[in-house]
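Proteins get letters first, then strands, A, B, ... in listed order; numbering begins at 1 in each. Side chains are part of it too, since the values below use all heavy atoms of this structure and drop only hydrogens, waters and symmetry mates. Predicted, not measured: the structure shown is a model, and the values here were computed from it.
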Amino acid sequence: MSRRWVRWMPAAAMPAIVAGVVLAGPLQAQAPATVPARTAAQVLALAVASHPQPLSGTLEETADLGLPQLPAIATGGASSQSGAAGPAAGLGQLVAFLTAPHTARVYLDGAGSQRVQLMDSLAERDVVHHGTTVWTYDSAANTATKYTVSNPLRPGAATGGLAPPSSKPVPGVATLPPMAPHDANQVPGSPVQTPAAIAADILKNLDPGTAVSLGANVTVAREPAYSLELVPRTAATLVAKVTIAVDANNGMPLRVTVQAKGQDKAAFEVGFSQLTLAAPAASMFTFTPPPGATVTNSAVPLPQRSSGKTLDGGKAPVSVSGTGWAAILQAPAGTVPAGMTSTPVLAQLLQAVPGGHALSTSLFTVLVTPDGALYAGAVPLAALQQASAAR
Amino acid sequence: MLAVLAAVPVLIAVAVRLTNGTRAGHGPVFLDRITGNGLFVVLTSLVLCTPLFLPLTVGVVSGDTIAGEAGQGTLRYLLAAPAGRARLLLVKFAGTAAFTLAAVAAVVLAGTAIGLLLFPVGPVPLLSGDLVDAWTAEGRILLVGAYVVLSLLGLGAIGLFISTLTDVPVGAMAATVVLAIASQVLDALPQLDWLHPWLFSHWWLGFADLLRQPVEWSSFGSNALLQVGYLAVFGALAYGRFTTKDVLS
């Protein structure tokens, strides 16, 4: 009998060993980082003064916006059909972006050349920026598009580097996750932004309406980092807290986490899971479309990424009401084409509310009125309905 | 079974050849690239085979290991030899692994051969859009083959364990195959994302990471770790069960 018992020992021990290995891994990674003591203001200055670093790394982006999650197969299919039909396909991408996690590899040479590889399942979307040329490549559709950027991209923003030319600071909206363009052929730029680019957008618009403090030091991608916590002072916003992990050595933002009110899990997070601070090979930034790919030369210059532009392509004038985190973006009537709210993809997301159709997430809200006007902001739906009624 | 697997790339290649190709974004990935480059026949076949055909054959072979002998009444005679049950188990698993290797090799070799035969071969565009020459690409394809073999070893171990539980080989085969499919279904449900990294099928299609430029090794590493874990746990379970089992047939 005792022999039988001994024979089962390995079977009992193996799960224990596996569990031990699994638990030991994260414990080592969470060892407290020893970094020079700095105040919140000093860390803020460090982050603002940081220069783009030559690096290659892997970015993980997750969003938990309280939207219905679709099975991986469905969203994967939607994102790969970008060549299909205009707005609907773009909206499919938008849905995929709002619900699914993403992994992207980022290569920067620190001097303006950039490459982002968004790694889909069995597919990849690339954005290669070198000099005045931007190539986008979609392996699922096998299409390559060449854009010429007239103005050199802003060096501060690492990926895509498209600064929102907003005349008025809109911090709340700047924290929204980057949105997929409604037509991949018209609005390029990277679908995933680096933490540095997002942090730059947030910090640029920092105003007294935000309490800045320092949390416990963290380790991101093996780099010791300060965690800079930005808490809106107003109660009128859905944003509870924005945490920026700032590299203790060079001040580069390594991870941006946006917490929504009433939700434990981060509503949006983008950060490095792996990072090498060295210039990638120059060949990474030269792109030649592979033979057989459909190549488009876009004569249209890269449009600037204006805050809140998701459906209008930046054509309609966008106005802002309110200030700081509780700001509300307004696009006039006719921004949203009639009938768009009833397309199957959108119907899944939008719900009919008094005053139109609304997309309510834990982090931001979008309201489309029956006449096609668009309201958006990191505020509760009621605030948007008020703004809509007041007009 | 190897012939059936080898027939998959041949069928794909002949079908594409006869129908003059397809548009991008339709059908399985890489299918539209075949007309431009024969090496994509292998990749298309592996994408098609990995979720179903390969697990099916591995399930049949691994489910048959012990239960098959028991069902035929030959297990007693095998154990009469002074080799010990642990060694018999090891040899049986080695047989399953060898079959897995042969199965993937059949797909890769048949795919390469039919691809060379029916389509032009030249520099291969990777998922990142970069071109590599045909030899590098063939190297990557072999790497993908190795990845797929590794991916299926965990399933082989599960099959071996199930096979020690029963004397009915068909039951063991079916259970293994059903597990493979159930695991993939669970992997497709985003509500269970905490479970996904623990499913043995989670990294099955991760071989695409070997087709990026530069190669992304993280999924290879994660997959290897996961499969070793399954191998250890189910190998130990199979050992516990088989060495304490009363063999009556």
Side-chain angles (χ1 to χ4, degrees), chain A residues 3-15 17-18 21-22 56 58 69-75 80-84 99-101 103 105 115 117 119-124 126 128 135 137-144 273-274 280-281 283-284 286-294, chain B residues 21 23-26 28-30 32-33 35-37 43 47 85-86 122-131 161 185 187-191 193 196-198 205-209 211-214 216 218-219 225-226 228-245:
Chain A
R3 280 181 70 81
R4 287 177 73 92
W5 182 79
V6 168
R7 296 255 161 81
W8 279 105
M9 278 293 284
M14 275 307 164
I17 291 172
V18 169
V21 169
V22 167
S56 43
T58 308
Q69 288 185 305
L70 306 172
I73 301 159
T75 49
S80 66
Q81 303 288 331
S82 55
T99 54
T103 305
R105 293 194 295 185
R115 179 164 191 160
Q117 301 181 325
M119 303 201 285
D120 301 325
S121 167
L122 290 171
E124 184 169 311
D126 274 47
V128 188
W135 277 102
Y137 177 69
D138 183 344
S139 85
N142 203 13
T143 52
S273 60
Q274 186 266 321
S283 60
M284 286 302 298
T286 53
F287 183 82
T288 317
T294 315
Chain B
R23 269 191 335 115
H26 294 266
V29 277
F30 305 130
D32 54 303
R33 313 289 167 84
T35 41
N37 201 319
L43 295 174
V47 169
R85 294 189 180 189
V124 176
L126 297 171
L127 284 176
S128 308
D130 302 69
L131 279 181
F161 169 59
V185 170
D187 205 17
L189 297 174
Q191 283 77 7
D193 53 359
H196 290 174
W198 298 94
L205 289 177
F207 61 73
D209 285 356
L211 302 172
R212 307 185 196 278
Q213 183 72 351
E216 173 67 39
S218 64
S219 57
L225 264 182
L226 183 73
V228 166
Y230 267 93
L231 217 62
V233 170
F234 281 90
L237 278 173
Y239 172 80
R241 166 68 185 161
F242 189 54
T243 49
T244 55
K245 187 182 181 183

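- Rounding to the nearest 0.5 angstrom, the gap separating the CG atom in A/Asp120 from the CG atom in B/Leu127 is 9.5 Å.
- With a threshold of 4.5 angstrom between heavy atoms, A/Met284 approaches chain B through side-chain atoms but not through N, CA, C or O.
- Of all heavy-atom pairs between A/Pro290 and B/Pro125, the closest is CB-CB, 3.3 Å.
- Contacts between B/Leu237 and chain A at a heavy-atom distance below 4.5 Å involve backbone atoms as well as side-chain atoms.
- Between the side chain of B/Arg212 and the backbone N or O of A/Ala123, at least one donor-acceptor pair lies under 3.5 Å.
- For B/Val228, no part lies under 4.5 angstrom from a heavy atom of chain A.
- Between A/Pro291 and B/Leu131 the shortest side-chain heavy-atom distance falls below 4.5 Å.
- Here the side chain of A/Arg105 pairs a donor or acceptor atom with the backbone of B/Pro214 at under 3.5 angstrom.
- Looking only at heavy-atom pairs under 4.5 Å with chain A, the residue among B/Ala86, B/Ser128, B/Ala238 that has the most is B/Ser128.
- Taking A/Thr58 as the reference, A/Gln274 meet the side chain to side chain donor-acceptor pair (under 3.5 Å) condition, with sequence neighbours excluded.
- Side-chain atoms of A/Gln117 come within 3.5 Å of backbone atoms of B/Gln213 as a donor-acceptor pair (strictly under, hydrogens ignored).
- The shortest heavy-atom contact between A/Arg4 and B/Thr244 is NH1-O, 2.9 Å.
- In this structure the side chain of B/Phe207 reaches within 4.5 angstrom of the side chain of A/Leu122, judged on heavy atoms.
- Of the inter-residue distances, the one linking A/Arg7 atom CZ with B/Arg85 atom CZ reads 8.0 Å to the nearest 0.5 angstrom.
- Qualifying ring-ring contact (aromatic ring centres under 6.0 Å, His included) partners for A/Phe287, counting only residues two or more places apart in sequence or in other chains: A/Trp135, A/Tyr137.
- Remark: A/Trp8 CH2 is packed, more than 12 non-hydrogen atoms of other residues, nucleotides or ligands lying under 6.0 Å away.
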